[in-house]
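What follows is a short report on a single structure.
By convention in this document, chain letters (A, B, ...) are assigned in the order of the sequence lines, proteins followed by strands, and residues within each chain are numbered from 1.
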Amino acid sequence: MASGSEDERRQAIFATVMAIPPGRVCSYGEVARLSQQPGLARFVGRILGEVDGLPWHRVVRAGGQIAFAQETKKYHEQVRRLVEEGVEVANGRVQDWKQRFWQGY
DNA sequence: TCTATGACGATTC
DNA sequence: CGAATCGCCATAG
């Protein structure tokens, strides 16, 4: 199951990311799982970079860390957006990692 | 056709 | 806790 055309898979990932509510975060791997495509975390990252209009800032690594290097511009932008939504970020990672999107992870 | 490379992840040491 | 490895998929060269 999970195997469909690459476009269908993209759609599923798109829908999952769009469903993440403000103030909450989700990991790449979890987005993949919720999209019925376990193991395709890397694929998720690529989609976030290609498609615009997605709340990409709400997607972080499995440990709650920002996926960008701290000296990059994107890193700062992501942190800024998260903080604006009330998500605590410090030292490159989301502090209250309990504010994850979907429970049961 | 093969290799290297990513906005990743889990495991192992 | 950090570094090394291997797995995953699509792309670029």
Residue pair [X] / [Y], side-chain heavy-atom distance below 4.5 Å:
X       : Y        : value
A:Asn91 : A:Gln70  : yes
A:Val25 : A:Phe101 : no
A:Ser35 : A:Gln11  : no
A:Val87 : A:Val94  : yes
A:Tyr75 : A:Thr72  : yes

For DNA chain C, note the earliest and the latest nucleotide, 5' to 3', having some atom under 4.0 Å of a heavy atom belonging to chain A.
C:dG7 to C:dT11
Salt bridge check, A:Lys73 against A:Glu77: does any charged N sit closer than 4.0 Å to a carboxylate O?
no
Dump every N/O contact between nucleotides 5-7 of chain B and the protein below 3.5 Å, one line per pair.
unit_1: B:dG6; atom_1: N9; unit_2: A:Arg42; atom_2: NH2; d: 3.4
unit_1: B:dG6; atom_1: N7; unit_2: A:Arg42; atom_2: NH2; d: 2.9
unit_1: B:dA7; atom_1: N6; unit_2: A:Leu48; atom_2: O; d: 3.0
unit_1: B:dA7; atom_1: N3; unit_2: A:Tyr28; atom_2: OH; d: 3.0

Hey, which sits more toward the 5' end of DNA chain C by its nearest nucleotide, A:Glu6 or A:Arg93?
A:Arg93
Could you walk me through whether A:Arg81 and A:Glu85 pass the salt bridge (charged side-chain N to carboxylate O under 4.0 Å, His left out) test, one step at a time?
CA-CA 7 Å; A:Arg81 293 197 185 191; A:Glu85 297 183 350; over 6 Å; no
Starting from the C-alpha separation in whole Å, work towards a yes-or-no answer on side-chain contact (heavy atoms from CB on, under 4.5 Å) for A:Trp97 and A:Val60.
CA-CA 10 Å; A:Trp97 185 233; A:Val60 297; 3.4 Å; yes
